2 protein chains.
Amino acid sequence: MGLRTGEVARRAGVHVETLRFYERKGILPEPPRRKSGYREYPPETVELVRFVKRAQQLGFSLREIRELLSLREVPEGARARVQSLVEEKLREIEHKIRHLEAMHRALRELLHACRCTGRSARCPIIESLNGCPTCRADGDQEKSLGKKGATRLP
Amino acid sequence: MGLRTGEVARRAGVHVETLRFYERKGILPEPPRRKSGYREYPPETVELVRFVKRAQQLGFSLREIRELLSLREVPEGARARVQSLVEEKLREIEHKIRHLEAMHRALRELLHACRCTGRSARCPIIESLNGCPTCRADGDQEKSLGKKGATRLP
DNA sequence: ATAAGGCCCGTACCTTAGTACGGAGTCAAG
DNA sequence: CTTGACTCCGTACTAAGGTACGGGCCTTAT
């Protein structure tokens with residue numbers, strides 16, 4: 001028993017075209033076909049698609065998500081390379097969590113104060129994401145611009 | 001002392017054009033100009049722009065960020081409306097944090113196992129974002145599709 | 001005072017992530 | 001055995017978030 005595009009799409013909460021799109025982008029593996037040409041997805045595809053949508057909401061691009069998913073099946077040989085990649089992703093996630101927590105605190109603070117204190121400066125919302133010591137490089141960002149456009153900025 | 005576009009851009013790690021773009025989108029307030037027409041930004045603009053970039057990395061759209069920023073100055077009258085908006089944002093952030101934590105656990109698990117256990121199913125990465133009880137509605141997503149395209153999906 | 005570099009503006013273009021379209025073949029219920 | 005829903009494919013379009021371009025004024029260091 002395999003699911004057809006419409007069924008997968010409905011269960012995962014996306015459009016049929018999105019499944020084809022993900023397939024083209026290498027995010028969904030090409031499923032087997034019946035002789036009519038119809039795709040027959042394994043049921044776990046639904047979870048897979050949901051994972052993609054959630055990860056997007058957390059600020060990961062499709063490229064990053066594909067990378068993340070590729071970690072499922074490691075080519076047996078290349079352990080170390082993958083391991084450091086996973087570690088990098090872990091740092092990134094920790095970073096995001098800390099930022100979100102800071103934002104959360106700021107909004108709660110705002111809910112209490114119910115207004116920014118000063119005329120202009122000292123707003124807890126903005127401060128929330130700027131007091132992060134791990135982000136405190138400043139020079140990093142300036143360097144990363146370098147001679148304008150050397151590194152892909154956003 | 002006010003900063004000019006280039007200075008703000010350099011310090012915040014974005015392009016000058018991005019500042020103009022944000023201004024058009026209502027994310028940066030229009031700064032005062034000198035008589036030459038040059039913009040003179042207050043120094044806290046740098047923090048503001050950094051906030052925007054961080055928030056984007058956390059999966060917020062510019063529209064949402066503008067909303068978030070608008071909470072800084074509440075029109076004095078509309079408290080209750082703002083308060084519920086803030087509470088909604090707080091829930092959303094908690095949600096994101098929980099998902100990221102789940103993803104983090106999954107990747108750590110993967111780092112230990114260093115391979116998905118089964119041939120195909122039972123992958124900790126994918127399971128990480130699917131076991132969330134708050135997301136467990138399923139019907140929600142199906143309904144949200146409704147009669148195809150009624151609600152803006154992604 | 002003049003040249004290099006910064007800034008102005010509008011417009012055009014780019015990438016990412018889908019959405020829509022339309023003609024043709026497939027499937028299942030009546 | 002037909003009718004309506006589903007699927008196929010390629011191609012075109014859209015929206016968001018920038019980026020680039022080019023002609024024309026500022027500014028400032030030499």
Side-chain angles (χ1 to χ4, degrees), chain A residues 1-28 30-41 45 49 51-67 144-154, chain B residues 1-28 30-41 45 49 51-67 144-154:
Chain A
M1 52 92 161
L3 305 175
R4 290 183 322 190
T5 48
E7 191 59 14
V8 172
R10 204 176 50 68
R11 293 200 201 176
V14 301
H15 294 295
V16 170
E17 294 92 335
T18 306
L19 299 178
R20 288 210 305 132
F21 176 73
Y22 286 173
E23 191 175 316
R24 279 205 301 284
K25 291 290 171 178
I27 281 166
L28 291 186
E30 292 192 26
R33 310 278 189 123
R34 33 174 95 177
K35 59 201 74 108
S36 64
Y38 281 26
R39 288 168 180 83
E40 287 227 286
Y41 288 104
T45 306
V49 175
F51 172 86
V52 174
K53 298 314 283 182
R54 300 262 156 79
Q56 279 185 310
Q57 286 165 13
L58 298 172
F60 294 97
S61 68
L62 287 186
R63 173 189 302 274
E64 290 173 310
I65 291 167
R66 191 174 49 208
E67 214 172 86
S144 87
L145 234 67
K147 48 175 182 42
K148 178 165 179 159
T151 332
R152 216 96 203 88
L153 241 195
Chain B
M1 51 89 161
L3 306 175
R4 290 184 321 190
T5 48
E7 192 58 16
V8 172
R10 205 176 49 68
R11 293 200 200 176
V14 302
H15 293 295
V16 171
E17 295 91 335
T18 306
L19 299 178
R20 289 210 305 132
F21 176 72
Y22 285 173
E23 191 176 315
R24 280 204 301 284
K25 292 290 171 178
I27 280 166
L28 290 186
E30 293 193 26
R33 309 279 190 123
R34 31 174 97 174
K35 59 201 74 106
S36 63
Y38 281 26
R39 289 168 179 82
E40 286 228 287
Y41 288 104
T45 307
V49 175
F51 172 86
V52 173
K53 298 314 282 183
R54 301 261 156 80
Q56 279 186 310
Q57 285 165 13
L58 298 173
F60 293 98
S61 68
L62 288 186
R63 173 188 301 276
E64 291 173 308
I65 291 167
R66 191 173 48 206
E67 214 171 86
S144 86
L145 236 68
K147 49 174 180 48
K148 178 165 180 155
T151 332
R152 217 96 200 90
L153 241 196

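None of these values were measured; they are calculated from a predicted model. Labels below follow one simple rule: chain letters A, B, ... track the order of the sequence lines, proteins then strands, and each chain is numbered from 1.
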Candidate nucleotides dG17(D), dA17(C), dC7(C), ranked by approach to the side chain of Phe21(A) - the nearest: dA17(C)
Distance test, side-chain N/O of Arg4(B) to OP1/OP2 of dG6(C), below 4.0 Å: no
Whole-Å distance separating the OH atom of Tyr41(B) from the C1' atom of dC8(C): 12 Å
side-chain N/O Thr5(B) vs dG6(C) OP1/OP2, d < 4.0 Å: no
Gap between atoms CZ and P, on Arg63(B) and dG17(D) respectively (whole Å): 8 Å
Selected nucleotide, minimal atom distance to Arg20(B) side chain, candidates dT27(D), dC9(C), dT19(D): dC9(C)
N-O pairing of Glu7(B) and Arg4(B) below 4.0 Å: no
Tyr22(A) side chain near dG18(C) phosphate (N/O to OP1/OP2, under 4.0 Å): yes
Those residues of residues 33-40 of chain A lying under 4.0 Å from DNA chain D by at least one heavy atom: Arg33(A), Gly37(A), Tyr38(A), Arg39(A)
Atom CZ of Arg63(A): over 12 foreign heavy atoms under 6.0 Å: no
Length of the CZ-P vector between Arg66(B) and dG18(D), whole Å: 13 Å
Which nucleotide in dC7(C), dG17(D), dT11(D) has an atom nearest any side-chain atom of Gln56(B): dG17(D)
Rounded distance (Å) that lies between atom C1' of dG18(D) and atom CG of Leu62(B): 9 Å
Interatomic distance where CD belongs to Glu7(A) and P belongs to dC6(D) [whole Å]: 11 Å
N or O in side chain of Ser61(A) less than 4.0 angstrom from dT16(C) OP1/OP2: no
Closest nucleotide among dT19(C), dT19(D), dC8(C) to the Arg24(A) side chain: dT19(C)
Length of the line joining Arg10(A):CZ and dT7(D):P, which is rounded to integer Å: 11 Å
Distance, rounded to the nearest Å, where Ile27(A) contributes CD1 and dT16(C) contributes C1': 11 Å
Between dG18(C) (C1') and Glu23(A) (CD): distance, integer Å: 15 Å
Audit row: Arg10(B), Val16(B), side-chain contact (heavy atoms from CB on, under 4.5 Å) steps and yes/no: CA-CA 8 Å; Arg10(B) 205 176 49 68; Val16(B) 171; over 6 Å; no
Residues Ile27(A), Val49(A); criterion side-chain contact (heavy atoms from CB on, under 4.5 Å); working and verdict: CA-CA 9 Å; Ile27(A) 281 166; Val49(A) 175; over 6 Å; no
From CA spacing to verdict: side-chain contact (heavy atoms from CB on, under 4.5 Å), Leu3(A), Arg11(A): CA-CA 10 Å; Leu3(A) 305 175; Arg11(A) 293 200 201 176; 3.8 Å; yes
Test item: Arg66(B) side-chain N/O and Lys25(B) main-chain N/O as donor-acceptor pair under 3.5 Å: yes
CA sep, side-chain torsions, deciding dist, call: Ile65(A), Tyr22(A), side-chain contact (heavy atoms from CB on, under 4.5 Å): CA-CA 11 Å; Ile65(A) 291 167; Tyr22(A) 286 173; over 6 Å; no
